[in-house]
**Student:** 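Handing you this structure, nothing more for now.
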There are 2 protein chains.
Amino acid sequence: MSTREKILNTAEALFAEKGYEGVSVRDITGKAGCNVASVNYHFGSKKGLYREVFLVKMAERSRKLQSLFWKKIGDSANPPPEQIIRSLSEAFLRSPFSEKERMIHHKLMAREAERPSEVFDEFHKKVLMPFFRSLFLMLEPHMPRRIKREQKMLYLMSIFAQIIHFNLARTMITKVTGQTYDERYIDDLIEHIVRFSLKGICGGDGRK
Amino acid sequence: MSTREKILNTAEALFAEKGYEGVSVRDITGKAGCNVASVNYHFGSKKGLYREVFLVKMAERSRKLQSLFWKKIGDSANPPPEQIIRSLSEAFLRSPFSEKERMIHHKLMAREAERPSEVFDEFHKKVLMPFFRSLFLMLEPHMPRRIKREQKMLYLMSIFAQIIHFNLARTMITKVTGQTYDERYIDDLIEHIVRFSLKGICGGDGRK
DNA sequence: GCTTACACTAAACAAACGTTTGATTGAGAT
DNA sequence: ATCTCAATCAAACGTTTGTTTAGTGTAAGC
């Protein structure tokens with residue numbers, strides 16, 4: 001692996017763990033095993049490194065997540081809502097990355113959702129918004145009819161709220177429920193999100 | 001207001017906005033209009049200041065929020081689930097603080113939920129856990145019967161996931177839905193959370 | 001063999017950081 | 001009037017910060 005790549009990987013892990021200001025250039029280069037000046041040589045500045053982390057690594061992973069979702073959906077034109085929610089939960093909670101990498105991804109994303117940097121605007125327009133739009137179009141027919149479009153959007157937000165929360169507040173959930181985040185428990189989480197959200201949207205009991 | 005209080009208030013606003021490392025002691029004292037040394041004089045260190053912010057201001061507000069919730073619940077021994085969820089949403093999304101103060105509270109809380117500091121453990125045990133426990137006991141009778149206790153806990157987590165998310169990802173939700181966070185929209189949010197969660201838990205349609 | 005271009009490094013840079021110091025203030029007690 | 005004590009201050013402390021500089025090694029082109 002090149003120095004550039006080593007810096008990129010180390011940086012995104014540290015940024016996710018401690019936030020932008022919580023990490024120094026020396027922390028990164030120290031852990032990556034290279035010189036302090038490498039960051040400025042390859043990325044111009046610390047900010048440039050963060051920008052590269054987000055625009056390259058995050059966007060790349062987002063695209064992978066989204067394409068995995070579409071693969072799970074298959075080629076059916078009108079998938080049932082359960083399949084949509086389940087594919088979404090599975091794609092974002094289980095695959096296709098390592099536990100660690102998934103955590104990095106969601107932490108960085110949550111940081112930006114809460115306090116967007118200059119980078120996030122571009123990312124939001126190009127990557128997130130189109131995905132939201134097509135998700136909404138698929139789910140809308142199954143929602144209560146009489147409510148307004150803006151309120152229907154909230155149903156989609158509620159699903160994402162759970163996915164994000166169950167990915168992020170891991171330490172807290174472990175404390176409250178006493179469960180460890182192993183594969184089996186993640187299956188339970190997915191099953192729960194699907195059932196809860198399906199009932200929430202359609203009013204059915206979430207079972208066949 | 002005493003210097004001590006001015007520092008405390010300024011500090012919590014800045015910590016919430018930019019995180020612990022994102023704020024310098026000079027930022028705080030500058031905005032509070034006092035000397036740099038005041039922080040170390042009154043709180044021993046920057047860390048001591050953060051600790052005080054969390055253990056005093058946050059705990060105080062949490063207790064206010066919780067007592068507001070119980071006031072909304074009233075003295076009925078077995079409140080209907082709709083009342084529980086609505087009281088919870090209203091307490092945490094609308095009152096009894098200013099928009100700004102509520103934001104501060106939830107941002108700091110989310111930061112700790114994601115990456116707990118040494119302070120959080122105590123806070124969790126004394127303030128959060130007892131509240132969760134009594135909420136769970138009230139909601140449990142209305143949940144599906146056949147599932148395990150740990151899975152039932154997730155229903156409670158899903159409600160909080162939404163409350164936290166709709167408080168935090170404000171900028172993102174504004175971008176996606178195009179709605180501004182005024183009083184009317186917050187009413188819509190509360191109504192949505194109640195209806196979505198009620199159906200999610202009980203399977204009913206969320207209406208009378 | 002000389003040049004060019006690139007990846008990398010040790011050392012130094014000014015600025016900002018959290019913290020400490022020593023002096024000054026002003027109100028209350030003796 | 002003198003002493004006391006907590007509060008506040010300007011100034012300086014030693015580190016750590018992001019960044020720059022000047023130099024080294026190396027492989028390819030001519």
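Chain letters run A, B, ... following the sequence lines, proteins first and then strands; every chain starts at 1. In this text, all values refer to a predicted model and were calculated from it rather than measured experimentally.
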**Student:** With a distance cut-off below 6.0 Å to the six-membered ring centre and an angular limit of 45° from the axis, does Lys175(B) pair with Phe132(A) as a cation-pi contact?
**Tutor:**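 The answer is no, since Lys175(B) fails at least one limit relative to Phe132(A).
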**Student:** Do we see a donor-acceptor contact under 3.5 Å between the side chains of Thr177(A) and Glu150(B)?
**Tutor:**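 Checked: Thr177(A)/Glu150(B) side chains show no N/O donor-acceptor pair below 3.5 Å.
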**Student:** Could you identify which residues of residues 35-47 of chain A place a heavy atom less than 4.0 Å from some atom of DNA chain C, listed by residue number, or say none?
**Tutor:**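 By residue number: Asn35(A), Ala37(A), Ser38(A), Tyr41(A), His42(A).
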**Student:** Can you sort out which residues in residues 19-26 of chain B have a heavy atom within less than 4.0 Å of DNA chain C? Ascending by number, please.
**Tutor:**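 Residues of residues 19-26 of chain B under 4.0 Å from DNA chain C: Val23(B), Ser24(B), Val25(B), Arg26(B).
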**Student:** Tell me whether Arg149(B) is salt-bridged to Glu140(B), with the criterion being a basic N under 4.0 Å from an acidic carboxylate O.
**Tutor:**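 Looking at Glu140(B) together with Arg149(B), the answer is no, because their closest N to O distance does not fall below 4.0 Å.
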**Student:** As a quick check of understanding, evaluate ring-ring contact (aromatic ring centres under 6.0 Å, His included) for Phe160(A) and His165(B), giving each step before the final call.
**Tutor:** CA-CA 9 Å; Phe160(A) 268 99; His165(B) 187 255; 8.3 Å; no
**Student:** Does the side chain of Phe43(B) reach to within under 4.5 Å of the side chain of Arg4(B), using non-hydrogen atoms?
**Tutor:**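 A side-chain contact under 4.5 Å exists here.
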**Student:** Measure the distance from CD1 on Ile7(B) to C1' on dT8(D) and round it to the nearest whole Å.
**Tutor:**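 Result: 10 Å.
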**Student:** Given Asn35(B) and Ser38(B), is the side chain to side chain donor-acceptor pair (under 3.5 Å) satisfied, shown in steps?
**Tutor:** CA-CA 6 Å; Asn35(B) 195 270; Ser38(B) 310; 5.1 Å; no
**Student:** Within the 3.5 Å criterion, strictly below it, is a donor on His42(A) or Thr3(A) matched to an acceptor on the partner's side chain?
**Tutor:**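 Side chains of His42(A) and Thr3(A): no pair found under 3.5 Å.
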**Student:** Strictly below 4.0 Å: does Thr3(B) bring a side-chain N or O up to OP1 or OP2 of dT8(D)?
**Tutor:**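 Answer is yes, contact under 4.0 Å.
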**Student:** Could you tell me the boundaries of the chain A footprint on DNA chain C, defined by atoms under 4.0 Å from its heavy atoms?
**Tutor:**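 First and last nucleotides in contact are dC6(C) to dA12(C).
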**Student:** Is the Lys NZ or Arg CZ of Lys46(A) less than 6.0 Å from the centre of Tyr20(A)'s six-membered ring, within 45° of the axis?
**Tutor:**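 Yes, a cation-pi geometry.
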**Student:** With side-chain hydrogen bond (donor to acceptor under 3.5 Å, both in side chains) as the test, pick out the partner of Ser197(A) among Glu82(A), His192(A), Gln162(A).
**Tutor:**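 For Ser197(A), the side-chain hydrogen bond (donor to acceptor under 3.5 Å, both in side chains) check succeeds only for Gln162(A).
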**Student:** Return yes if a side-chain donor-acceptor contact under 3.5 Å exists between Glu112(B) and Ser117(B), otherwise no.
**Tutor:**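 Ser117(B) and Glu112(B) do have a side-chain donor-acceptor pair below 3.5 Å.
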